[in-house]
Amino acid sequence: DMKVTQMPRYLIKRMGENVLLECGQDMSHETMYWYRQDPGLGLQLIYISYDVDSNSEGDIPKGYRVSRKKREHFSLILDSAKTNQTSVYFCASSSPGGNERLFFGHGTKLSVL
Amino acid sequence: QQKVQQSPESLSVPEGGMASLNCTSSDRNFQYFWWYRQHSGEGPKALMSIFSDGDKKEGRFTAHLNKASLHVSLHIRDSQPSDSALYFCAASETGNYKYVFGAGTRLKVIA
């Protein structure tokens with residue numbers, strides 16, 4: 001059905017708590033991404049995963065880590081969340097070959113208080 | 001300075017009018033460009049890509065690329081209220097999986 005699903009849609013956490021954002025896709029795409037979106041900054045790449053256990057830092061990886069144990073599932077983890085990590089987080093996937101379109105999920109709006 | 005810059009930040013056009021959005025890259029390695037559209041509360045959706053000099057038309061949307069000036073534009077003719085959204089330009093190197101996004105242009109189509 002060509003879908004990227006993110007859970008949860010909204011999340012409120014206190015500073016210092018751990019955060020787990022989950023993403024699934026049904027297209028068997030090898031490549032998956034985590035972006036964050038902030039007003040005036042567009043979308044910034046946090047991590048890219050080329051396949052299971054093959055992850056690479058993006059432009060703003062500090063404070064984040066990822067896990068990909070199955071091709072269809074990609075998790076973003078914030079250990080001890082900070083207030084400046086309040087943002088909207090998007091997961092995306094793409095078919096192999098590079099320069100392909102990204103399929104985005106609906107996003108997770110995270111507030112760290 | 002962002003590697004991909006979009007202008008204007010916001011744009012209002014009347015229904016049925018033409019909307020023109022611009023994107024300029026400061027990195028000559030970026031040869032592949034995508035336009036994405038994001039409606040409020042949703043994730044971005046790909047509109048079209050362009051990597052050859054000149055125009056590419058898909059329905060009411062026309063993208064134009066000038067590699068010499070690293071300038072990409074998106075023109076939407078016969079704009080509809082449903083075209084009101086945030087539009088992103090994304091650039092990447094040929095064969096690369098990583099994209100750099102601009103900050104976006106917010107388009108409002110006034111009925």
Side-chain angles (χ1 to χ4, degrees), chain A residues 2-10 21 23-25 27 29-51 54-61 68 74 87-109, chain B residues 1-10 21-27 29-52 56 58 61 63 65 67 72 85-106:
Chain A
M2 298 177 75
K3 208 171 184 180
V4 176
T5 304
Q6 290 185 240
M7 294 291 289
R9 289 293 300 270
Y10 303 93
L21 304 184
C23 174
Q25 49 100 357
M27 296 167 278
H29 284 164
E30 293 174 353
T31 311
M32 295 187 74
Y33 308 75
W34 277 106
Y35 282 91
R36 65 178 279 177
Q37 182 178 17
D38 300 289
L41 294 178
L43 292 151
Q44 297 175 274
L45 179 64
I46 305 171
Y47 267 94
I48 181 172
S49 174
Y50 296 102
D51 210 333
S54 179
N55 306 317
S56 178
E57 292 181 347
D59 298 318
I60 54 162
R68 190 153 179 218
F74 191 31
S87 187
V88 182
Y89 291 86
F90 286 98
C91 174
S93 70
S94 69
S95 49
N99 302 131
E100 296 294 327
R101 72 174 57 206
L102 302 183
F103 292 85
F104 283 89
H106 274 77
T108 293
K109 187 171 184 178
Chain B
Q1 185 188 11
Q2 281 196 298
K3 284 188 172 183
V4 175
Q5 294 190 299
Q6 292 187 241
S7 64
E9 285 186 19
S10 62
L21 291 68
N22 299 295
C23 172
T24 303
S25 168
S26 60
D27 189 334
N29 292 317
F30 289 157
Q31 296 284 304
Y32 225 98
F33 297 87
W34 277 91
W35 284 99
Y36 286 81
R37 179 165 78 177
Q38 182 183 30
H39 286 110
S40 182
E42 298 181 6
K45 287 188 174 70
L47 283 174
M48 60 192 301
S49 66
I50 187 165
F51 58 93
S52 297
K56 181 179 180 182
E58 291 190 5
F61 299 87
L65 172 60
K67 284 190 175 181
V72 186
L86 185 58
Y87 289 76
F88 290 108
C89 170
S92 70
E93 300 175 19
T94 302
N96 198 312
Y97 291 87
K98 291 186 179 181
Y99 291 86
V100 176
F101 282 76
T105 291
R106 187 166 296 281

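Naming convention: chains lettered A, B, ... in sequence-line order (proteins, then strands); numbering from 1 in each chain.
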Winner by heavy-atom pair count (cut-off under 4.5 Å) against chain A, out of B:G104, B:A90, B:A46, B:S49: B:A46

Top of A:F90, A:Y33, A:F104 for chain B proximity - count of heavy-atom pairs under 4.5 angstrom: A:F104

Pick from A:V88, A:L102, A:D59 with the largest number of heavy-atom pairs that fall under 4.5 Å of chain B: A:L102

A:Q6, part contacting chain B, at a heavy-atom distance under 4.5 Å: neither

Heavy-atom check, side chain of B:W35 versus side chain of B:C89, under 4.5 Å: yes

4.5 Å side-chain heavy-atom contact, A:Y89 and A:I46: yes

Side-chain (A:S49) to main-chain (A:N55) donor-acceptor, under 3.5 angstrom: no

Contacting region of A:I48 [heavy-atom separation from chain B under 4.5 Å]: side chain

Side-chain heavy atoms of B:Y99 within contact of A:Y35, under 4.5 Å: yes

Greatest number of heavy atom pairs closer than 4.5 Å to chain A - which of B:E93, B:E9, B:Q6, B:Q38: B:Q38

Note, A:S56 side chain near B:K98 side chain (heavy atom, < 4.5 Å): yes

Leading residue by heavy atom contact count with chain A [cutoff under 4.5 Å; candidates B:Y32, B:F33, B:F51]: B:Y32

A:C23 versus A:V4, closest heavy-atom pair with distance: SG-CG1, 3.6 Å

Between B:P44, B:G43, B:G41, B:G102, the one whose heavy-atom pairs under 4.5 Å with chain A are most numerous: B:P44

Aromatic plane relationship, B:Y97 with A:Y50 - under 30° parallel, 30 to 60° tilted, over 60° perpendicular: perpendicular

Which atoms of A:P39 approach chain B - backbone, side chain, both or neither, heavy atom under 4.5 Å: neither

